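Naming: A, B, ... by sequence-line order, numbering from 1 per chain. All values derive from a computational prediction rather than experimental measurement.
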Protein chains: 2
Amino acid sequence: MEEPEDYVLEDQVGHLLRRAYQRHLALFQGIMGEDGPTSMQFAALHMLWRRGPLSQNLLGRLLAMDPPTVKGVVARLMARGLVVRERDPSDARMLLVALTPVALAALPGWVEKAKAVSAATLAPLPRDEAARLSAILRRMG
Amino acid sequence: MEEPEDYVLEDQVGHLLRRAYQRHLALFQGIMGEDGPTSMQFAALHMLWRRGPLSQNLLGRLLAMDPPTVKGVVARLMARGLVVRERDPSDARMLLVALTPVALAALPGWVEKAKAVSAATLAPLPRDEAARLSAILRRMG
DNA sequence: GGCATTTCGTTTCTAGGCTTACGAAACGCC
DNA sequence: GGCGTTTCGTAAGCCTAGAAACGAAATGCC
């Protein structure tokens, strides 16, 4: 079959998902600004805010990140002074990750910006379609 | 405001998009198998199939990839013998990327698998929602 | 014809993301 | 109590992705 035309890349879900996520990341970066956290760094910080200190492993599961990926994100957060790591006294395998006061002070502002990012990502859609998109994506998970 | 609860990560579009794309990539890799192309490698190959030899830059624009990213993808395709690069005789700035016979022989099978990937990605959705998802994502681009 | 601008490719840096493999610690079961 | 299994973290390697900065080549405009 010499007909490439019945598979058009631009129409494939994968490509559309990639483009949409790509655009979302660009919006995130633009709204958070130069010295703000990246998308995944913010996700980790916010999860620690909601749940308190967590092991790297659990943090990763909650955020859908592999252990090696979590390690990288936490290392960069540590380098920026937003997070500290301590051995769990009750289980020496675990490294508990906890927010620093610096992170606690910055988080409320960042959460507001994160809300703006979500709004900007959905901005091209009428309200009912935004809701439908969320429902569909959740079902695909 | 000490209330993290009004921003729930799992409900944000960005997170849902990331999860969906993550799942898609896993399906792609699983269906293509060990020695198949990656998602972006396949996208590049298929675009070259449809359009003939292209400069790296144009290829990147068609696929929504930055120049450094294209360079890496093309380098890996070249290392696998699927692609060759030649200077454009009419414009010495351009490196024309072209498929090799190996790639031409493999492409029909890979396209079939790529169709299976799209189907698998959409499998959890009823047919009308799959169509709606595509329409919504396209509008967000 | 000559100079500013644009385009193309590259390099380097930072970041995320996955795979495979491995060591250390804890747990479960006997 | 001891041994196998599971869990946690780490390491190294590959791939995608973007920013910034640069050289080289072509184009456009004067």
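Sequence neighbours left out, the pairs with a member in residues 82-94 of chain A that pass salt bridge (charged side-chain N to carboxylate O under 4.0 Å, His left out) are A/D91-A/R93. Screening residues 57-73 of chain A for side chain to side chain donor-acceptor pair (under 3.5 Å), with sequence neighbours left out, gives A/N57-A/R61.
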Going 5' to 3' along nucleotides 17-23 of chain D, which nucleotides have protein heavy atoms under 4.0 Å from the base (write B), which only from the sugar-phosphate (write S), and which from neither (write -)?
-> BBBB---
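Counting heavy atoms from C-beta on, the side chains of B/V73 and B/L59 never come closer than 4.5 Å. The shortest side-chain heavy-atom distance between B/E129 and A/R139 falls under the 4.5 Å cut-off.
Every residue meeting the ring-ring contact (aromatic ring centres under 6.0 Å, His included) condition with A/F42, not counting sequence neighbours, appears here in chain and number order: A/H46, B/Y7.
For B/E112 and B/K115, the salt-bridge test passes: some basic side-chain N is under 4.0 Å from an acidic carboxylate O. Taking the charged nitrogens against the carboxylate oxygens, B/R138 and A/E10 have no contact shorter than 4.0 Å, which rules out a salt bridge.
Going from atom CG of B/L27 over to atom OG1 of B/T121 covers 5.0 Å, rounded to the nearest 0.5 Å. Atom CE of B/M40 is separated from atom CZ of B/R76 by 10.5 Å, given to the nearest 0.5 angstrom.
Looking at residues 75-97 of chain B, you'll see B/R85, B/R93, B/M94, B/L95 sit with a heavy atom under 4.0 Å from some atom of DNA chain C. Contacts of residues 111-119 of chain B with DNA chain C (heavy atom under 4.0 Å): none.
Between the CG atom of B/D35 and the P atom of C/dT19 there is a distance of 17 Å, given to the nearest Å.
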